[in-house]
Protein chains: 2
Amino acid sequence: EASKDEAKAKGPQSKGKESHKYQLKTPKGTRDFDPDQMAVREKVFDVIKGCFKRHGAVTIDTPVFELKDTLTGKYGEDSKLIYDLADQGGELLSLRYDLTVPFARYVAMNKIKAIKRYHIARVYRRDNPAMTRGRFREFYQCDFDIAGEYDPMIPDAECVKVVAEILTRLELGDFVVKVNHRKLLDGIFAACGVPQEKFRPVCSAVDKLDKLEWSDVKKEMVAEKGIGADVADKIGSYVRQSGGRDFAETLASDEKLMAQSAAKAGLDDMKLLLEYCDVFGILDKVSFDLSLARGLDYYTGVIYEAVLTGSDEQLKAHKRGETVGVGSVAGGGRYDGLVGMFDAKKKKVPCVGVSLGIERIFSIIEAKAHASGKKIRTTETQVLVASGQKHLLTERMKLCNELWGHGIKTEMFYKRNPKLLNQFQFCEDQQVPFLLIIGEDELKGGFVKLRNAITREEEEIKREDLAEEIKKKLLNSD
Amino acid sequence: EASKDEAKAKGPQSKGKESHKYQLKTPKGTRDFDPDQMAVREKVFDVIKGCFKRHGAVTIDTPVFELKDTLTGKYGEDSKLIYDLADQGGELLSLRYDLTVPFARYVAMNKIKAIKRYHIARVYRRDNPAMTRGRFREFYQCDFDIAGEYDPMIPDAECVKVVAEILTRLELGDFVVKVNHRKLLDGIFAACGVPQEKFRPVCSAVDKLDKLEWSDVKKEMVAEKGIGADVADKIGSYVRQSGGRDFAETLASDEKLMAQSAAKAGLDDMKLLLEYCDVFGILDKVSFDLSLARGLDYYTGVIYEAVLTGSDEQLKAHKRGETVGVGSVAGGGRYDGLVGMFDAKKKKVPCVGVSLGIERIFSIIEAKAHASGKKIRTTETQVLVASGQKHLLTERMKLCNELWGHGIKTEMFYKRNPKLLNQFQFCEDQQVPFLLIIGEDELKGGFVKLRNAITREEEEIKREDLAEEIKKKLLNSD
């Protein structure tokens, strides 16, 4: 085992038998983004950032790693998925697991009382990757959170609105934002006779209802969590229900449930949330779903999950045998206790937020782009300075220099004497709209030839009018 | 020692004596970016990206960590600064140390023959941090690289041009881009009588000339590297010279030096580079400086370093007692062998590139912004929907919803009945240009009041014309 490690440590440049062991790859569960993918990624980020800014959020950034202690005790069972850094002397560090805990640490550390911020960054989980379905070990989260003491459900409703706006603008097909409330769930568990110390285990069993049949969830409750079959059945009669504002009224008339103060408080919140979603014009996208439980420990109130329902046939586009257009793309909720865990005086700052998972969205948009057959532009180059004649390298450089000085995106071939046909081909491949062609005649006559790469029309332009003429044409061609 | 670790592992939520040990901080050498700093950062990135795109570069991204083997044997002595991840089973990983090695790995892995790409991302070095001078353990690099077989010095000159354009546009005061050539240095060492196996150690001694006196560098050569004092003196007579195209001609007439084929090849390159820099109009920013050596092992040709000379008094602005406006902000060079190290058949892809270090540039621009006393806007909010009357929460929500639907950046207070004065104050603090005010009268009359937060002028607008009127005003106020 030790000698194996040693061979590994020698690395790719080591000679001899062991050198074949180096694999030319990215780490498991990670990937490179090539220029095509980056172009898609930037467009998606622009939509998301645009929405966050429309709602008045500032942005912050935090280090990719935190003190190990900062992450300890925040994620429950999922803590085993945290990446630790090697102990090379000094502080013990871990890669961030989400953006929520670093945000809470930031709020506590800077003694912030109120902030609405977005944060788009990568997080790290040593999970079992399923890359074709968009599950990676390194992946982006796009978080929008509102911290501060406010009146009930107003920021909570805006978080639902933000998710609905983004999913609508990205044209991902039909979706539903499931909403529920931790306090209501606790009230249901209490009303059904679950002892308090089993609320979280039962909650995590309920959370599996999106993947498992009720009979399997019940089995887990009874066999693994030690809940009576009759109690489980009572839970089952609640958590398989969902609906809208009517459903909230039905629950409100359940006297046994309303006798639980947590259930009453949770349901009052939900009624308000649904009212505000109605005002925001998104009630048809919202489902009050008692089966929604969310895995993370730190939620204390409203919880959300946005799910693509894959109704659009085009979006069901299969990618290497997997359906990409269906599944969860965002989640979140209220976490009023997390900031207080970092404050020396345990001073709380209530928070609510949502987190969009971007990898599945990328997969969908990439699949759509691929299906459409359109080639994605990966540069913004506007002009290629070209020539078919020899010894004009420095003339081409001068022209590039002039156009760069005017802010025009310009390229040239890095060859002394490139072939004109190759330069034409480049513009076609790269969708560069204009070629600027020079030769001895042009040089002597004090003009240049401008060729439209699409229409193939050519015209002569005076050397001194060059930049202004190109700018005019670019404006018209946009 | 073990019990100490145990106490640490308990983390912030553990009660008892040890709990005070948790420190609320970011890891050593790292920092959060607050909304003010993010606003500056985005502006700087926009300038840099704008330049990279003007020169036709695509962009890629790579994982934040690589297989440990990918980084092994690439950085010479600096390898000790690499962050390793803990061995939690599976692959051995390290955080990326720069963007150049991941780029070379990407080019080899995807069998790319030619690419011009930029990459803006964070890299990680377990170095001794000097945060006031902009030296961090987690920091951004902005890399521009051209890979492919081209004619000599054309892409190399464009890299110098790119650095000069960026530093000029960022208005960082005077700067100089030092240029030199590894082959020329090797030729000088050979001509002075240094044995070949000592080229790299002597080179790394020369590299210290920007911080040490010649006498100290000589001492290192003689005492530590085993170079004769006469040989060192000969080296010293070369490496303390710098100049422009004339200086290149002077060196060309040095027959002893030109007898070394490496020196001849290097100088031919330098003459061409200086000629092209002249064509690009940046010769006055370029210094052919024989003392420039660069630390990294992988350079094989031209090397660069851009240095701020701090001539601008305002930029000398002291920040916590440190001068921020002086020092190295970019470096790079040609590395024709790196991609081949990753290729099974050792197939080479020649590369040249530059890397801008952004942290020092941030420090300067932050210091400038601070000195100017101007408040940086951290949101782009255009309208605050406000009211001084009670029971109008859902009316305010409806108005927000309408404006969001028209793409107008809109906020409201998350209170049922906020005070009008607080809403005025918010617009002043946050530089929000417009308030949209509603009350019972406005509701009944079917209009709203629009208040210009700067001029304090108010006017009544019909409810149905609202979005269009605001859009018009925003256009005019830009």
Side-chain angles (χ1 to χ4, degrees), chain A residues 8-9 11-13 22 24 26-28 30 32-35 38 53-54 56 58-67 69 72-73 83-86 88 90-91 93 106 108-109 122 126 138 150-151 154-155 276 279-281 341-342 378-381 394 397-398 401 404 409 411 414-416, chain B residues 8 11-13 22 24 26-28 30 32-35 38 53-54 56 58-67 69 72-73 83-86 88 90-93 106 108-109 122 126 138 150-151 154-155 276 279-281 341-342 378-381 394 397-398 401 404 409 411 414-416:
Chain A
K8 257 190 177 172
Q13 71 296 341
Y22 173 71
L24 184 59
T26 61
K28 185 180 176 186
T30 70
D32 296 320
F33 285 83
D34 65 31
M38 289 298 282
K53 286 182 178 180
R54 200 159 54 244
V58 300
T59 189
I60 67 162
D61 202 4
T62 63
V64 81
F65 44 64
E66 294 278 345
L67 298 183
D69 284 354
T72 303
Y83 276 97
D84 293 326
L85 271 74
Q88 295 170 290
E91 298 162 338
L93 308 173
Y106 174 83
M109 196 171 126
R122 282 162 158 185
R126 294 180 54 256
E138 173 183 58
Y150 298 116
D151 282 325
I154 312 174
Y276 296 159
V279 174
F280 282 155
M341 288 177 77
F342 291 108
T378 56
T379 71
E380 299 174 9
T381 304
T394 55
M397 292 175 105
K398 273 183 208 162
N401 193 47
W404 289 330
K409 291 162 191 151
E411 287 189 79
Y414 301 130
K415 295 270 180 186
R416 280 210 193 89
Chain B
K8 256 191 179 172
Q13 71 296 341
Y22 173 70
L24 185 58
T26 61
K28 184 179 177 187
T30 70
D32 296 319
F33 285 82
D34 65 30
M38 289 298 281
K53 286 182 178 181
R54 201 158 54 244
V58 300
T59 187
I60 67 161
D61 201 4
T62 64
V64 80
F65 43 65
E66 293 279 344
L67 298 183
D69 284 353
T72 303
Y83 276 97
D84 291 327
L85 270 73
Q88 296 169 291
E91 298 162 338
L92 293 178
L93 307 173
Y106 174 83
M109 196 171 126
R122 284 161 157 184
R126 293 179 56 253
E138 173 183 57
Y150 298 116
D151 281 325
I154 312 175
Y276 294 160
V279 174
F280 282 155
M341 288 176 78
F342 291 107
T378 56
T379 71
E380 298 173 11
T381 304
T394 54
M397 291 176 105
K398 274 183 207 163
N401 193 46
W404 289 329
K409 291 163 191 151
E411 286 190 80
Y414 301 129
K415 295 270 180 187
R416 281 209 192 89

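Keep in mind it's a predicted model, so treat the numbers as computed, not measured.
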Original post:
Closest heavy-atom contact between F65(B) and T30(A)?
Top reply: CE1-CG2, 3.5 Å
Subject >> Contact leader toward chain A among T379(B), T378(B), D84(B), where contacts are heavy-atom pairs under 4.5 Å >> reply: D84(B)
Original post:
Is a salt bridge present between E380(A) and K53(B), judged by a nitrogen-to-oxygen distance below 4.0 Å?
Top reply: yes
Original post:
Do you know which of V279(A), L67(A), D34(A), D151(A) has the most heavy-atom pairs with chain B at a distance under 4.5 angstrom?
Top reply: D151(A)
Original post:
Quick one: of V58(A), T394(A), T381(A), who has the most non-hydrogen atom pairs under 4.5 Å with chain B?
Top reply: V58(A)
Subject >> Side chains of R122(B) and D61(A) in contact at under 4.5 Å (non-hydrogen atoms) >> reply: yes
**OP:** Specify the closest pair of heavy atoms between L85(B) and Y83(A), including all atoms of both residues, with the distance to one decimal.
**Re:** CD2-CD2, 3.5 Å
Subject >> Atom pair NZ (K28(B)) and CG (L93(A)), whose distance is rounded to the nearest 0.5 Å >> reply: 11.0 Å
Subject >> Minimum heavy-atom distance between Y414(A) and Y150(B), given as atom pair plus value >> reply: O-CB, 3.3 Å
Subject >> Side-chain heavy-atom pair T26(A), Y106(B) within 4.5 angstrom cut-off >> reply: no
**OP:** Give me the ring orientation class for Y22(A) and F342(B): parallel if the planes are under 30° apart, tilted from 30 to 60°, perpendicular past 60°.
**Re:** tilted
**OP:** Flag the pair T59(B) / P35(A) as yes when at least one side-chain heavy-atom distance between them is below 4.5 Å, and no otherwise.
**Re:** no
**OP:** Locate the shortest heavy-atom distance separating I154(B) from R416(A); write the atom from each residue and the value.
**Re:** CD1-N, 4.2 Å
Subject >> Minimum heavy-atom distance between D32(A) and P63(B), given as atom pair plus value >> reply: OD1-CD, 3.3 Å
